Chemist: 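Sending over a structure as structure tokens; questions will come in a sec.
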Amino acid sequence: MTTLGLDELNPSQRAAVEHLSGPLLILAGAGSGKTRVIAYRMAALLQRGVDADRILAVTFTNKAAGELRSRVEGLVTRFGLLPPLDPSDAMAQVLPRGRGLPQWMGTFHSIGARLLRRMADRAELPSDFVILDDDDQLKLCKELCQREKIDETAMPPRALRSQIDRAKNHGLLPEQYRGRDYFTDLVARLYPLYQAELKRLGAVDFGDLLLLPVVLCDRDPELRQILGRRFVHVLVDEFQDVNPVQYQFLRHLSSGHRNLVVVGDDDQAIYGWRGADVRLILEFEHDWPDVHIVKLEENYRSSQVILDAAHAVVSLNSQRRDKRLYTQRAGGERIICHEAIDERREALYVANTVLLLQNEEGYFPDDCAVIYRTNAQSRVLEEALRACGVPYTIVGGARFYDRAEVKDVLAYLRLCHNPADELALRRIINVPARGIGDKTVTKLEARARLGGIPLWLALHNALDDEELLGSGPRKKLRAFLDLIQGLRQIAATLPVSKLAREILVRTGYLALFDGKDAEDQSRQENVLELVGSIEELERESTAQTAGSVELGSAVGPGAETDDAAPNAAALEAALFAPENEGQKPLSLGEYLTRVALVTGEEIGDSGRGVQLMTAHSAKGLEFKVVLVTGLEQGLFPSLRSTIESEEEKERRIAEERRLCYVAMTRARERLFLTHAQTRRIFGMSPRMSPPSQFLREIPADCLERTLEYDAPSRTTPRRPLRPTHAHDDASDSRAHADFDDLDLVQRAALDGEASLTSGALAQAGAGLSAFRPFRSARKTATLDDGEPRVEYDLDDGAGGLRKGQRVRHPQLGRGRIEGITAWQGTVTVQFESGERRTIKAQFLRPDAEYCEP
DNA sequence: CGGTGGTATTTTTTT
DNA sequence: AATACCACCG
């Protein structure tokens, strides 16, 4: 028998792999080989003869699931682990075994969707239910608020959505939700209406994918039992990011056999805002008293310096399991902390650093990652990298599947799959414009509502309804219906990609973008890329099913159970019927479900060049070189202006710290931390951006501070801007006071001329204009009319403005501040002219008469 | 009806 | 800055 390569593991890792039954908590620090342990453990289970289909492995992202899958696959191949057939298990005989790999590996959401799909009738859903994306969800909330005549200021649609999400993450059904004040009472009223609307549409949202299976389990012991019997081993990655519903789901699955393995690191809990509760990992022993705990504290990724710095930050959190990573790779390069003048120069510094690392230290752009707090920060970085000719890839970010043109095409596909998909229908009924305008649609909607019938049926009926519509619109509707029906017909026989192509041609959608401007071009590219991605999926799925075709098509019991008496056997069969029923490699339905769940992932040529991503999407990845940008108070850590209790504030800062810890520990060899003195947000005027408190929290001897030099020109003497206190700019020294106390090493990383005239930068052109000589003029910035503007501070969102303060506006005259919106920099002003406007603070000046000294 | 231009809004992070 | 939304006009 093979040894499974256990000698490749350290003692703790081996202990985790070899503990084969009962609850197990693996506290796995960053870079301690956690995925490795999970993969080995799964392999070990397979080796012991556990059926691959009895293992459930849950990850947090699709990426992680893919990673795990390929690791397990690698081990299975390497050690020749073939699952033995268990003659006593009838289902096992029937299931396609793929290549002996666990088929139930995926994200919580994809697993929830898979189960829900198969027991849709129990959830009173059509089996081809639609999965709403963020946008659809928000639109629904918006419509609901309008229909219910809700005051937008009392309940913005976004707030409603987030409250509903919150409720679902905590396992609360509409009827269980209780209001406690005006706001939540409103939610309590709207949430049931929202859910009813989902039902009417035959749709679920992301939250439902978990909530509904859990609720069904809560109510039905039989179902619990079936699931518990089926999944004899449950493994969960990133357990620190699990929310209450997800945990309840795990409990339902595991309470029988108790073979629950959770792997996580409380220091990397960064999804509190999505309902994740760190206490679940902190207090795991409470629910599972006999849990075996394994700590993985040896880090195989980063240098000691990087670990020390990251640890220094995260160890300031009070609520954490005490642990400290160690590595055998002592020492390491010091972390470079660079202060740029503004965000554009910060970006140029990043681009330059990548070039320097390439030219002088032999790193490739592929080795580097740039990490930031918010997606919006990627734009400047992209510009700089492009200008310098550095290849890059954005990970996540403006998601491909979020683009309007992609969603349009998907809407056509959805409509082909399911004509009752009202959201899809409404989306494309007049795209491209075919003369079916708002008027017509409104009439149809009214009819549908009145008759309690689906919209498409109302549309159908309207074709002969001369009272409802004139002959023109009817003719157009007819044409549209013919179009869709034609597509539906070919949908039955064509592969999805071919169908998509037909859609593009027949609907004239592609012709919409035949213009020459960049906009049209990129849209066209996106649409074609979508088709390309479908083709790729089709290739993949035929390759995958090839091995198990005979088994897959031989299935009898699982296929048609809808009408059968819902006994346990039938339910079980339905739940665990093999994926690919027919010959068709990738059905339309499968594709649509997949797309709904695969957010974010880039399709097409990814992974080349420098990788740009948010700290959240960086979790689980590692790079030789990492540059963390925008380390400024208010940005990273992100600070919001909403009034909160001290306790709540501390909780939030703790999560930001963990996020910073995650970002820093992505680095193997070199870590750069950058921040800018001023930063432009929303294209408003630049604002002071004090360095992040995290920079102060890092021990000084881990850091090497660099500053951008005053002027790029050779003729100007090179002189550090600070800490000379040459210009006694009050706000400047205040902002940096703490930082200046450090024993800083002054150095110019941006070696003025050398890098500025280096080949790549030379072409930068526009980018270089960012290098105008620095003027210490931030505070004396003026409006065009020469009057000083209202200064506003980063520390409070209102920018130092207060309610009741008197202000003046160049056009609108005098007024008084009535309210300060939560959104930074915008205030409501009641003008003396009687006009009341919401206006950006930067256009206001204090009214001399009432202005405080 | 459909396209155009002007105005208001943007509430981190992602499945 | 970028985008979503809206009002107006051909």
Side-chain angles (χ1 to χ4, degrees), chain A residues 58-65 106-113 131-135 137-139 142 152 156-159 161-162 165 168-169 205-210 238 241-243 245-246 269-276 343 371-380 383 395-399 401-404 430-441 470 472-473 476 519 596-601 613-619 630 634-642 652 655-656 658-659 662-663 680-685 797 821-826 837-840:
Chain A
V58 197
T59 61
F60 216 68
T61 63
N62 293 301
K63 212 183 325 179
T107 63
F108 273 107
H109 290 88
S110 71
I111 283 166
I131 300 170
L132 254 51
D133 66 17
D134 275 7
D135 255 17
Q137 212 187 341
L138 186 60
K139 261 184 218 157
K142 213 175 269 178
E152 286 245 335
R158 275 170 190 287
R161 180 179 66 175
S162 85
D165 275 347
K168 290 186 173 183
N169 284 337
D205 60 22
F206 270 110
D208 286 340
L209 291 178
L210 284 156
E238 308 280 16
D241 289 325
V242 156
N243 69 35
V245 192
Q246 292 166 333
I270 55 175
Y271 284 98
W273 50 274
R274 209 167 65 179
E343 76 280 358
I371 297 177
Y372 36 79
R373 182 65 181 80
T374 68
N375 281 306
Q377 288 168 254
S378 72
R379 183 175 307 272
V380 217
E383 277 168 19
V395 179
R399 292 202 226 336
Y401 292 101
D402 282 350
R403 311 221 166 124
N430 202 30
V431 181
R434 48 174 70 92
I436 305 173
D438 280 350
K439 265 256 169 72
T440 310
V441 175
K476 287 164 181 162
E519 180 99 356
L597 296 172
V598 174
T599 56
E601 256 103 315
M613 69 195 88
T614 63
H616 283 87
S617 6
K619 194 175 67 165
L635 183 61
F636 199 175
S638 168
L639 259 49
R640 74 229 74 240
S641 46
T642 46
R652 289 191 189 271
E655 182 151 313
E656 295 291 320
R658 293 190 292 261
L659 192 56
V662 167
R680 194 179 275 274
I681 295 173
F682 287 155
M684 290 188 264
S685 58
T821 49
W823 194 230
Q824 295 179 335
T826 317
R837 295 251 309 239
T838 299
I839 211 157
K840 287 176 194 160

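Model, not experiment: these values are computed from the prediction. Chain A is the first sequence line, chain B the second, and so forth, proteins listed ahead of strands; every chain is numbered from 1.
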Chemist: Specify the separation, in whole Å, of atom CH2 of A:W273 and atom C1' of B:dT11.
Modeler: 13 Å

Chemist: So do A:F636 and A:L659 actually touch side chain to side chain, heavy atoms under 4.5 Å?
Modeler: yes

Chemist: With respect to the side chain of A:F682, which nucleotide from B:dT12, C:dA1, B:dT14 is positioned closest?
Modeler: C:dA1

Chemist: Using a 4.0 Å heavy-atom cut-off, does A:E656 contact any base of the nucleic acid, only the sugar-phosphate backbone, or nothing at all?
Modeler: base

Chemist: Run the side-chain contact (heavy atoms from CB on, under 4.5 Å) test against A:D402 and tell me which residues pass, sequence neighbours left out.
Modeler: A:R399

Chemist: Determine, answering yes or no, if A:F108 is stacked on B:dT15 under the 5.5 Å centre rule and the 30° plane rule.
Modeler: no

Chemist: What is the distance from CG of A:N169 to C1' of B:dT14, rounded to the nearest Å?
Modeler: 11 Å

Chemist: CZ of A:R161 to NZ of A:K139: how many Å apart, nearest 0.5 Å?
Modeler: 12.0 Å

Chemist: The side chain of A:R373 lies closest to which of these nucleotides: B:dT12, B:dT14, B:dT15?
Modeler: B:dT12

Chemist: Who pairs with A:S638 by side chain to side chain donor-acceptor pair (under 3.5 Å), at least two apart in sequence or on another chain?
Modeler: none

Chemist: Nearest-Å distance, CE (A:M613) to P (B:dT13)?
Modeler: 15 Å

Chemist: With the criterion being N/O to N/O and under 3.5 Å, what pairs connect the protein with nucleotides 8-10 of chain C, and how long is each?
Modeler:
none

Chemist: Rounded to the nearest 0.5 Å, how far does CG of A:L209 lie from CD1 of A:I131?
Modeler: 5.0 Å

Chemist: Under the side-chain contact (heavy atoms from CB on, under 4.5 Å) test, which residues partner A:P637, sequence neighbours left out?
Modeler: A:Q633, A:L639, A:I653, A:E656, A:S692, A:Q693, A:F694

Chemist: Go through the structure and list residues passing salt bridge (Lys or Arg N to Asp or Glu O under 4.0 Å) with A:E343, not counting sequence neighbours.
Modeler: none

Chemist: Nearest-Å distance, CZ (A:R161) to P (B:dT13)?
Modeler: 12 Å

Chemist: Looking across every strand, which nucleic acid part, if any, lies under 4.0 Å from A:F636 by heavy atom: base, sugar-phosphate, or nothing?
Modeler: nothing

Chemist: To the nearest Å, how far apart are A:L210 CG and B:dT14 P?
Modeler: 18 Å

Chemist: How many whole angstroms separate atom CG of A:L209 from atom P of B:dT15?
Modeler: 13 Å

Chemist: With sequence neighbours excluded, tell me which residues meet side-chain contact (heavy atoms from CB on, under 4.5 Å) with A:D208.
Modeler: A:K168, A:Q195, A:L198, A:V204, A:D205, A:L211, A:L212

Chemist: By the 4.0 Å heavy-atom rule, please label A:S110 as base, sugar-phosphate, or nothing.
Modeler: nothing

Chemist: Over all strands shown, is A:Y271 touching base, sugar-phosphate only, or nothing at heavy-atom distances under 4.0 angstrom?
Modeler: sugar-phosphate

Chemist: Please determine if A:K619 forms a cation-pi arrangement with A:F60, meaning its NZ or CZ atom is less than 6.0 Å from the six-membered ring centre and no more than 45° off the ring axis.
Modeler: yes

Chemist: In this structure, how many angstroms lie between the P atom of B:dT15 and the NZ atom of A:K63, rounded?
Modeler: 8 Å

Chemist: The criterion is side-chain contact (heavy atoms from CB on, under 4.5 Å); which residues satisfy it with A:T614, sequence neighbours excluded?
Modeler: A:Y372, A:N375, A:H616, A:S617

Chemist: A:K619 NZ to B:dT13 C1': how many Å, rounded?
Modeler: 11 Å

Chemist: Rounding to an integer number of angstrom, what distance separates B:dT13 and C:dA4 when you compare their C1' atoms?
Modeler: 22 Å

Chemist: Choose from B:dT12, B:dT14, B:dT15 the nucleotide whose nearest atom is closest to any side-chain atom of A:T374.
Modeler: B:dT12

Chemist: Which residues pass the salt bridge (Lys or Arg N to Asp or Glu O under 4.0 Å) test with A:E655, sequence neighbours left out?
Modeler: A:R658

Chemist: Of the candidate nucleotides B:dT15, B:dT13, C:dA1, which contains the atom at the shortest distance from the side chain of A:T614?
Modeler: B:dT13

Chemist: Is there a donor on the side chain of A:R158 or the base of B:dT11 sitting less than 3.5 Å from an acceptor on the other?
Modeler: no

Chemist: Classify A:D134 by what it touches in the nucleic acid, base, sugar-phosphate, or nothing, heavy-atom distance under 4.0 Å.
Modeler: base

Chemist: Please enumerate all residues that pass salt bridge (Lys or Arg N to Asp or Glu O under 4.0 Å) together with A:D134, with sequence neighbours excluded.
Modeler: none

Chemist: Phosphate oxygens OP1/OP2 of B:dT15: is one of them under 4.0 Å from a side-chain N or O of A:N243?
Modeler: no

Chemist: Hey, does the side chain of A:R379 come within less than 4.0 Å of C:dA2's phosphate (OP1/OP2), counting only N and O?
Modeler: yes

Chemist: Mapping A:K439 and A:S638 to their closest nucleotides on DNA chain B, which lands nearer the 5' end?
Modeler: A:K439

Chemist: Can you sort out the partners of A:D165 under salt bridge (Lys or Arg N to Asp or Glu O under 4.0 Å), two or more places apart, ordered by chain and number?
Modeler: none

Chemist: Hey, what are the protein-to-nucleotides 4-7 of chain C N/O distances that come in under 3.5 Å?
Modeler:
| unit_1 | atom_1 | unit_2 | atom_2 | d |
| --- | --- | --- | --- | --- |
| C:dC5 | OP1 | A:K142 | NZ | 3.0 |

Chemist: Any N/O pairs under 3.5 Å between the protein and nucleotides 2-6 of chain B? List them or say none.
Modeler:
| unit_1 | atom_1 | unit_2 | atom_2 | d |
| --- | --- | --- | --- | --- |
| B:dG2 | OP1 | A:G435 | N | 2.5 |
| B:dG2 | OP2 | A:N430 | ND2 | 2.9 |

Chemist: Classify the nucleic acid contact of A:T440 as base, sugar-phosphate or nothing, counting any heavy atom under 4.0 Å across all strands shown.
Modeler: sugar-phosphate

